[in-house]
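Take a look at the structure below.
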2 protein chains.
Amino acid sequence: MASPLAHPVHLRTAPARADQATVRRLNLSLLIGTLAGGGPRSRARLAEDTGLTKATVSSLVAELTELGLVTEGDAGEPHRGLGRPGRVLHLNADALRCVGVEVNIDFLAAVVLDLAGRVLARRRIGLSVVELGPARTMGRVAELVRELVDGLGADPTQVHSVVVSLPGLVEVSAGMLAFAPNLSWRDVDIAHTLSGRLGWPDVRVAVDNDANLGAIAEYAAGGEAGSPHLVYLAGEAGVGAGIIEAGQILRGASGFAGEVGHIPVGPAAAQCGCGRRGCWETGVGLAALLAAFPIDDEVRDPTVDLTARLEEVARRADRGDPRAETALADQGRWLGIGCALLANVLDPEVIVLGGHYPPLRRHLEGSMRAEMTARTLAGSCRVEFSRLGFDAASLGAAHAGIRALLDDPTQARPGAA
Amino acid sequence: MASPLAHPVHLRTAPARADQATVRRLNLSLLIGTLAGGGPRSRARLAEDTGLTKATVSSLVAELTELGLVTEGDAGEPHRGLGRPGRVLHLNADALRCVGVEVNIDFLAAVVLDLAGRVLARRRIGLSVVELGPARTMGRVAELVRELVDGLGADPTQVHSVVVSLPGLVEVSAGMLAFAPNLSWRDVDIAHTLSGRLGWPDVRVAVDNDANLGAIAEYAAGGEAGSPHLVYLAGEAGVGAGIIEAGQILRGASGFAGEVGHIPVGPAAAQCGCGRRGCWETGVGLAALLAAFPIDDEVRDPTVDLTARLEEVARRADRGDPRAETALADQGRWLGIGCALLANVLDPEVIVLGGHYPPLRRHLEGSMRAEMTARTLAGSCRVEFSRLGFDAASLGAAHAGIRALLDDPTQARPGAA
C-alpha cells in the first residue's frame, strides 16, 4: 500500500559531509547531552539509550573523561549481585563555568553557571551605560566578570565562555553590535574588545541580542523549557522577539529576525520614537504604559526600582484606579493583537512574555487572551508569562555557552577556542 | 587570544544519533546532491569535492548505481593521456519521475518532472472543485495523474512520488487537509484516498499547503533558487506565505505557519470574509483588487482566463484609467506594508510575490517599494516577482518529491515506500 512521505520535506542549501571527525563530534555531543539532560547512567544503559555500540560508547566516554566533562562513580543504589558495584557516568558539572552578561540602558547583570545550569554567582550593578559609552562600559563588564570568577575561587582556565547580551541589532558571527538605538551605540566590536580586556586566551567570547538570549533562557531553564517552537517577547526599553523554531534560534538572512517593536499593529495615531506612527511598541512598550500616568507620578521615577513601580501600578488597578485599569487593559489588548499576528505567521507552541509584563499579569491577561482567541486562525499557541524575571537575558547568555559546549564537547580542550 | 564562538548557538530538542546507517544515508545524499546540483564528475573529483575517502566514494557510488540513480559514462572531453578514457558519473535523471498536483478552486494542475527537474508533461483542467466535492475531485486527480504517466509511456514503478498541493491548512505528517475555507473542505484524508485510487504500491503520496510548495518551487527552480531565507507570497484566492528559513520550510508547532492573510495590516474598515475587519487579504487579495471595478466589468468575469483579466487591468492603468491606477497603487501600498512586517519578523533575503501579482508588477512596484523602504528596520530584504506563473504550486509539489529522494536516496529501492 502506498504511504505518505514519512517526514515533511527537508531542503538543504549544501549537503553536509558526514566524515569521521563530524560523526565522532555528533556522537560525543549525543552522549554528553544524554547525561546532561537525562541524568547519570551506566555505559550499557548509554549504549541502549543512544543506539550506539558498547565499543563506541566506551571509546567516546574515554574521550569525554579525558576532556574532564564526564566522571565515573558508584551507582546510587547498592549493587545487588556479586562482583564490582555498578559504575555510572555523570556529567562533571564542575568542569567548566559559563558566564552570561547583560548590558542594558541602566544596568549590567552577570551570572555564572556550572555545566548543569546551576547558578554559582550572580551580580547586578546599576550604571548609566549611555553616559559611560561603549569603551568604558566594556571595561566595567570585564571587571564584573573578573570579580565574579575570582569570587568563586575559579581560575580563568575553568571558564568556558563569556556571552554578552545587548539590546539591539547584533552580528553574531562577527561578535559585533551593529546598532542599539536605546544605548546610541553603533558598530561596536564587543567580542574582541572584551577578549582583549579579559586576556583569557582559552575563553570563548560571544555576543547576541537580548531577545534571542531570553528565548534561550526560557528554552533551557524557564517554565516552557524544551518547547521547540517558542517565541520570547522581551518587553522593557524596546520590544523584541527571540524566536526558537524547531529547536533553533531563527536568525534570518542578516541575523536581524524578531524585530517586532515597529510592526504596524499599535494604536494608529501614536507617534513612535522611530518617527513612524502606529508601531506595536507604542501599544505594548513600558514607556507607553507609564506615559498613562502624570509626569511627576512616582511610577515614572527612573530612580525607583522598576519591579516596585510595576507592582505599584498593579496595586492601583487592584484598587480600581481607572487610569491604571485602562492603561493595563489597553496594553493587554495590543499585546493580544500582536501575539495573534506572531501566532499566525510563526505558529509557535507558546509565546512567553518577559521583561515588564510578568508583574502586571493579572491585569493584562483578560484583554490579551480575548484578542488572542478572536484573532488566531489555526494552531493552538498559548501565551504565558515568564518566571525568570529581569535576569532572563544574562541567564540565557550563560546557557548559550553551555549549549555550545554540549554541541561540541571538544571545545573543552584547552587551546580549542 | 580569545575568539568569538565560531557559530551562532545551535539548540536541539534531542541530539540525533549518528549510527552507521544514518551516516551512510547522509553520505549517499551528499554524493547524489553533488551530482544533481554540480553536474557529472569522476569518482576522484567526487572524493575531492566531498572530503570523503575514495574507498567510501566507490562503495557509495556502487549503491547509488544499484539503486539506478547514478550511471557511468565517458567524460565529455577526450582523454588526453594514455590508457582508458576518464569515466564520469551522472545523475540518472530518467530513473524515476516525480508528480506534482495542485488542487485549487476552479482547476487541477499537474506536472511530471524527471530527477533533474525537467518538465516531462504538464496538464491543467478547469473544473469546479467546490461543486465536485472532495471524493469526486480526488477521483479526477487520480485520473489526471494516471493519464499523464501513461502518456509518457511510463510504468507506475517508474514513479517516485505524487505530492498534492491544497489551498488551506494541511497536516503534512498525517497526509490530511485540515481545512480549506475556499473549497469548504474539512478533514479530508488526501494522501490515503489518492493512494487507494491509484493503487500504486511503491509510490509515495504526500500533501502540503500551496504556499509552502510555491516556496519550494522558487527555492528549487525560480529566479531566487537556492536562497536559504526566502518567503513566497501566494496571492490569489486567499493570501498565504511559504517560509524557507535556513534552507528548511518553517512549519511551526502545528504545521500552520505562514497564515498571513488575516494579520491586521489591511485597510482598517474593510470587512473580510473571515468576519474580522482590517485583514491583510482585504488590501492585497485578488478579490479586493477586482472589487474596485463595477460588478459587470469583464475583469470580474470568472469565466474569462485570469491572466487575460489581469493584463487588461494593467493595460488600463497604462492608459491612465484612474480606477485601475488607484486600485493598483493601493494594493502595492498594502503589499509593501505587509512585506515590511514580514521582513522585520523573519529577516528573509527575499520575498517572492507569486499568484496574481507578477502580471501587475509595473503598477504595484512603486508604492510597494516605497513602503518597504520606509518600514523595514534592518537587514536588506528584497521583494521580487515570481517568474513561475500559476504553476508554482504543482511545480513545487513535484520538486518536493525530488528533494525527498535526494535527501534519502534509499527511497529509490522498490518496496521502500
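Below, each value reflects all heavy atoms present in this structure, side chains not excepted, and no hydrogens, waters or symmetry copies. Every chain is numbered from 1 and lettered A, B, ... according to where its sequence line falls, protein lines coming before strand lines.
The candidate with the highest count of non-hydrogen atom pairs below 4.5 Å against chain A, out of E259(B), H229(B), H262(B), is H229(B). In terms of heavy-atom pairs under 4.5 angstrom with chain A, the leader among A253(B), G261(B), A343(B), A268(B) is A253(B).
In this structure, the side chain of R251(A) does not engage the main chain of A246(B) through any donor-acceptor pair within 3.5 Å. No donor-acceptor pair closer than 3.5 Å links the side chain of N344(A) to the backbone N or O of V260(B).
Only the side chain of L342(B) comes within contact range of chain A, judged by heavy atoms closer than 4.5 Å. Only the backbone of P348(A) comes within contact range of chain B, with heavy atoms under 4.5 Å apart. Of the two parts of I190(A), neither the backbone nor the side chain holds a non-hydrogen atom closer than 4.5 Å to a non-hydrogen atom of chain B. Proximity to chain B (any heavy atom under 4.5 Å) is restricted, for I243(A), to the side chain, taken from C-beta onward. Proximity to chain B (any heavy atom under 4.5 Å) is shown, for E349(A), by both the backbone and the side chain. The part of A374(A) that comes within reach of chain B is its backbone (N, CA, C, O), which places non-hydrogen atoms under 4.5 angstrom from that chain. For a residue to count as touching a neighbouring chain, one of its non-hydrogen atoms must lie under 4.5 Å from one of that chain's; by this rule V345(A) touches chain B with backbone and side chain alike.
In terms of heavy atoms, P264(B) sits closest to I337(A) at CG-CG2, 3.9 Å. Across all their heavy atoms, R276(A) and R375(B) have their closest contact at NE-CA, 3.7 Å. A pairwise comparison of heavy atoms in S380(A) and S254(B) identifies N-OG, 3.9 Å as the closest pair.
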Exercise. Decide yes or no on side-chain contact (heavy atoms from CB on, under 4.5 Å) for I263(B) and V265(A), but give the supporting numbers first.
Key: CA-CA 9 Å; I263(B) 61 176; V265(A) 290; over 6 Å; no
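Between L169(B) and L377(A) the shortest side-chain heavy-atom distance does not fall below 4.5 Å. Looking at L250(B) and D347(A), their side chains never come closer than 4.5 Å, going by heavy atoms from C-beta outward.
Annotation: the span from L346(A) atom CG to E245(B) atom CD amounts to 10.0 Å, rounded to 0.5 Å. Between the OG1 atom of T376(B) and the CZ atom of F256(A) there is a distance of 13.0 Å, given to the nearest 0.5 Å.
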